[in-house]
Amino acid sequence: MQSRRQVEETEGREKRLLKIMVKWNLSQSTRSIYLGLACLSLTLHLLLACFCLSVLQTACTPPASSTSSIPGTDPQPRQSSSSPAASSSDKLPSGPRESNTSDPDGEESLRAEKDEEKKLTRPENLKQKVKGRSKLEELFTHPLYNLPRPPMQQDDWLLRVKSEEEEKGGEEEEEDFLPHDSEWQSASQEEGYDKITWTSDKETHPPWLRFHLGISRWELYDRKDSNLDQLTHYLATQPILGAVQKTGGTQLKLLVTFPNYGQALLKPMRQSREAETDTNLFYFSDFERHNAEIAAFHLDRVLGFNRIPPVVGRLVNVTSEVRELTTDRRLAKTFFTSPAGNVCFYGQCEYYCSTENPVCGRPHALEVSVATMLPDLSLAPRRSWRSPWRRSYSRTKLAQWETNPAYCDKVKETPPYNHGTRLVDLIDMAVLDFLMSNMDRHHYETFESFGNQTFLLHLDNGRAFGRHSQDEPSILAPLKQCCRIRRSTLLRLRLLSLPHLRLSEVMRESLAADPLAVVAPLLSEPHLSALDRRLAKVLKVVEVCQERHREVVYDDLEEAGQHYDSQSD
């Protein structure tokens with residue numbers, strides 16, 4: 001009995017031991033399965049994290065068709081593409097952007113953002129390539145855009161370099177005479193400025209000086225001159241060495257200086273391109289628009305006028321290119337950092353210069369328009385003319401032209417509108433203003449040395465392109481009341497109304513060449529559509545005039561044909 005009991009106990013212990021071993025083996029296999037699943041889960045999480053980082057990194061790069069008004073809304077400071085700091089590429093490492101978890105201060109990320117911003121204004125990116133056939137080139141090869149000019153005389157140039165014979169004239173000038181290959185040395189030793197080595201050969205002149213020397217009696221620039229592309233590239237890429245607030249005017253604008261002593265007029269971005277002017281605002285109670293200045297230059301060129309100084313868009317660094325460089329104490333006092341961390345300033349001017357209406361970077365980058373400066377008034381004086389169709393700028397009174405339908409009869413009897421081309425020049429300007437909805441044309445200017453036989457300068461277009469949903473027929477009052485228009489202008493307008501050369505499409509292509517177009521289109525699609533709608537209205541007004549009057553078209557093409565015949569002979 002005892003031995004049997006021992007056997008049963010032994011068997012029981014073996015069974016319990018077997019159960020323990022089975023359970024241990026099961027726990028071991030379960031533990032292995034759990035460990036394997038944990039490793040797989042960790043691997044998937046790591047892959048997902050790497051993918052998210054790459055997506056977020058790509059999203060930080062400004063796309064070519066982005067609708068945001070300016071890149072870089074992050075709190076990290078960013079250098080402008082043309083600032084002295086940003087242009088020193090040897091100080092910033094190049095290469096692909098990588099995530100760096102061991103960089104607590106985000107220095108690598110900041111450097112990568114600066115590199116991205118520099119790409120916006122690289123020479124190869126300044127012009128976007130247009131797919132297919134260029135309608136702009138087709139337009140500019142049309143005979144209407146290549147009309148012959150009268151033979152140029154010496155007094156048809158605004159400025160010119162004196163010849164050797166003129167320099168030799170007079171004994172008192174002989175000691176100061178410079179031979180053809182001599183250099184004009186600059187006496188300035190200011191840091192950052194180029195040493196001037198200009199000779200009488202125009203190839204040694206900077207683009208801004210060649211532009212000044214190319215101004216003629218008939219136009220500000222020759223559209224086919226290769227210097228035009230060099231000038232716009234120069235405005236978009238030259239380092240800024242100084243910035244002061246320009247006096248005069250009602251709103252904030254800056255005068256910036258470049259290393260080769262060139263200067264430009266800078267107007268900052270005040271509102272997004274999509275923001276439409278409130279219909280309840282009085283016509284001079286609106287911000288000037290930087291993109292309007294750029295678009296006005298392109299529209300003026302597309303119309304064949306060539307009367308607006310070249311304007312280009314640019315990204316500037318509010319801190320390194322304005323605040324740290326300005327010598328204007330009044331301007332410097334208006335800088336502050338907003339609660340959002342953006343660097344802002346407001347300057348001192350008649351309207352909209354206050355802390356309630358600041359100009360702000362994001363946090364440092366700011367979109368601006370940069371316009372070529374005209375020659376100094378001491379070299380090329382200009383005369384300011386009050387427009388006969390100037391608005392009253394009164395909230396209660398109307399101007400004479402608004403109440404008198406026969407107002408133009410009085411204008412036609414008043415010099416300089418009683419002879420020459422001044423009246424049709426003014427109507428050209430009215431057509432331009434109507435197409436871009438600019439109601440603020442109270443004055444215009446001409447170069448004094450050309451007298452009354454010259455073109456009108458189409459300056460200060462910042463209040464254009466404010467509304468796309470509404471047209472302002474009163475801007476066309478000169479055309480409606482006078483029923484007079486140049487034949488070349490009329491034919492170009494008809495050409496731009498054709499389906500294959502539609503004004504909106506040509507303007508879209510032209511504006512795509514601006515550096516800021518890689519950030520967002522300079523004109524939104526509603527504004528481009530408004531150009532076609534307004535062009536049709538201009539042609540309708542001319543059609544009504546031709547039904548009522550006999551002499552509506554001023555035939556300037558006949559004069560051009562005579563000049564062509566004389567040149568052929």
Show your reasoning for whether side chain to side chain contact (heavy atoms under 4.5 Å, CB included) applies to Leu255 and Gln245. CA-CA 6 Å; Leu255 190 65; Gln245 183 170 348; over 6 Å; no

Determine whether Leu426 and Arg484 satisfy the following criterion, side chain to side chain contact (heavy atoms under 4.5 Å, CB included), listing intermediate values before the conclusion. CA-CA 10 Å; Leu426 195 67; Arg484 196 75 167 148; over 6 Å; no

Walk me through it: do Leu252 and Arg270 pass the test side chain to side chain contact (heavy atoms under 4.5 Å, CB included)? CA-CA 10 Å; Leu252 177 65; Arg270 304 298 298 263; 4.2 Å; yes

Go through the steps for Ile475 and Asn438 under the test side chain to side chain contact (heavy atoms under 4.5 Å, CB included), then give the verdict. CA-CA 8 Å; Ile475 302 175; Asn438 179 24; 5.6 Å; no

Determine, step by step, whether Asp156 and Ser216 satisfy the side chain to side chain donor-acceptor pair (under 3.5 Å) criterion, reporting the C-alpha distance in whole Å, the side-chain angles of both residues, the deciding distance to 0.1 Å, and the verdict. CA-CA 6 Å; Asp156 288 333; Ser216 71; over 6 Å; no

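In the model, Glu402 has no side-chain atom that pairs as donor or acceptor with a side-chain atom of Ser474 under 3.5 Å. Asn461 and Arg289 are not linked by any side-chain donor-acceptor pair at a separation below 3.5 angstrom, with hydrogens and angles left out of the test. Using modelled atom types, one finds a donor on one side chain and an acceptor on the other under 3.5 Å when comparing Asn227 with Arg210.
In this structure, the side chain of Glu509 engages the main chain of Leu136 through a donor-acceptor pair within 3.5 Å. For Thr141 (side chain) and Glu137 (main-chain N/O), a donor-acceptor pair under 3.5 Å exists by modelled atom type. When atom types are taken as modelled, the side chain of Thr232 and the backbone of Leu228 share a donor-acceptor pair closer than 3.5 angstrom. Proximity of a side-chain donor or acceptor of His549 to a complementary backbone N or O of Glu551 within less than 3.5 Å is not detected. Using modelled atom types, no side-chain atom of Arg463 and backbone atom of Met439 make a donor-acceptor pair closer than 3.5 Å. No donor-acceptor pair closer than 3.5 Å links the side chain of Ser524 to the backbone N or O of Glu274. Under the 3.5 Å distance criterion, the side-chain polar atoms of Ser510 are left unmatched by any main-chain donor or acceptor of Met507. Listed for the Trp157 side chain is no donor-acceptor partner under 3.5 Å among the backbone atoms of Leu213. Here the side chain of His290 pairs no donor or acceptor atom with the backbone of Gly462 at under 3.5 angstrom. In this structure, the side chain of Ser392 engages the main chain of Lys397 through a donor-acceptor pair within 3.5 Å.
Put simply, the side chain of Asn260 reaches to within 4.5 Å of the side chain of Trp208, judged on heavy atoms. Within the 4.5 Å cutoff, side-chain heavy atoms of Leu493 are placed close to those of Val538. Under the 4.5 Å side-chain criterion, counting only non-hydrogen atoms from C-beta, Ser369 is not in contact with Val312. Residues Leu254 and Lys246 have side chains not in contact (no heavy-atom distance under 4.5 Å, counting atoms from C-beta outward). Leu479 is listed as a side-chain neighbour of Ile485, based on a closest heavy-atom distance under 4.5 Å. For the pair Gln546/Val553, a side-chain contact is recorded, criterion being any heavy-atom separation below 4.5 Å from C-beta on. Residues Leu266 and Val316 meet the side-chain proximity criterion, which asks for heavy atoms closer than 4.5 Å.
Every residue meeting the ring pair (Phe, Tyr, Trp, His ring centres under 6.0 Å) condition with Phe140, not counting sequence neighbours, appears here in chain and number order: Tyr145. Taking Glu276 as the reference, nothing meets the salt bridge (charged side-chain N to carboxylate O under 4.0 Å, His left out) condition, with sequence neighbours excluded. Partners of Arg301 by salt bridge (charged side-chain N to carboxylate O under 4.0 Å, His left out), not counting sequence neighbours: none found. Not a single ring pair (Phe, Tyr, Trp, His ring centres under 6.0 Å) links His443 to another residue, sequence neighbours left out. The ring pair (Phe, Tyr, Trp, His ring centres under 6.0 Å) search around Phe297 returns none, not counting sequence neighbours. Partners of Asp471 by salt bridge (charged side-chain N to carboxylate O under 4.0 Å, His left out), not counting sequence neighbours, listed by chain and number: Arg533, Arg534, Lys537. Residues forming a side-chain contact (heavy atoms from CB on, under 4.5 Å) with Gln453 (at least two apart in sequence, or on another chain): Arg217, His419. With sequence neighbours left out, the side-chain contact (heavy atoms from CB on, under 4.5 Å) criterion links Glu543 to Lys540, Glu547.
For residues 417-427, the set of pairs meeting the salt bridge (Lys or Arg N to Asp or Glu O under 4.0 Å) definition, not counting sequence neighbours, comprises Asp425-Arg486. Applying the disulfide bond (SG atoms under 2.5 Å apart) test to every pair with at least one member in residues 411-442, sequence neighbours left out, gives no pairs at all.
A salt bridge is defined here as a Lys NZ or Arg NE, NH1 or NH2 lying under 4.0 Å from an Asp or Glu carboxylate O, and Asp556 with Arg487 fails to meet this definition. One finds no salt bridge joining Glu219 and Arg307 here, because no Lys/Arg side-chain nitrogen approaches an Asp/Glu carboxylate oxygen to under 4.0 Å. Between Lys267 and Asp460, at least one side-chain N (NZ, or NE/NH1/NH2) sits under 4.0 Å from a carboxylate O, which counts as a salt bridge. Note on Glu525 versus Arg508: salt bridge recorded, some NZ/NE/NH1/NH2 to OD/OE distance being below 4.0 Å.
Not less than 6.0 angstrom separates the ring centroid of Phe455 from the ring centroid of Phe305. Separation of the Phe211 and Tyr221 ring centroids does not fall under the 6.0 Å cut-off.
Heavy atoms only, all atoms of each residue included: Leu501 and Lys135 are closest at CD2-O, 3.6 Å. Of all non-hydrogen atoms in Leu220 and Ile215, the two that sit nearest each other are O-CG1, 3.4 Å. Closest of all the heavy-atom pairs between Pro309 and Thr372 is CB-O, 3.6 Å. Pairing each heavy atom of Val370 with each of Arg314, the nearest pair is CG2-CB, 4.0 Å. Pairing each heavy atom of Val552 with each of Cys545, the nearest pair is CG2-O, 3.6 Å. Across Ala464 and Ala292, no two heavy atoms sit closer than the pair O-CB, 3.3 Å.
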Would you list the atom pairs, donor with acceptor, under 3.5 Å between side chains in residues 380-387 and any protein atom, with sequence neighbours excluded?
unit_1: Arg382; atom_1: NE; unit_2: Glu445; atom_2: OE1; d: 2.6
unit_1: Trp385; atom_1: NE1; unit_2: Thr446; atom_2: OG1; d: 2.9
unit_1: Ser387; atom_1: OG; unit_2: Trp389; atom_2: N; d: 3.2

In residues 406-413, what donor-acceptor pairs under 3.5 Å come from side-chain atoms, sequence neighbours left out?
unit_1: Tyr407; atom_1: OH; unit_2: Pro388; atom_2: O; d: 2.7

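Distance check, rounded to the nearest 0.5 Å: CG of Leu435 to CG of Asp300 gives 11.0 Å. We find the CG-OG distance between Asp555 and Ser488 to be 9.0 Å, quoted to the nearest 0.5 Å.
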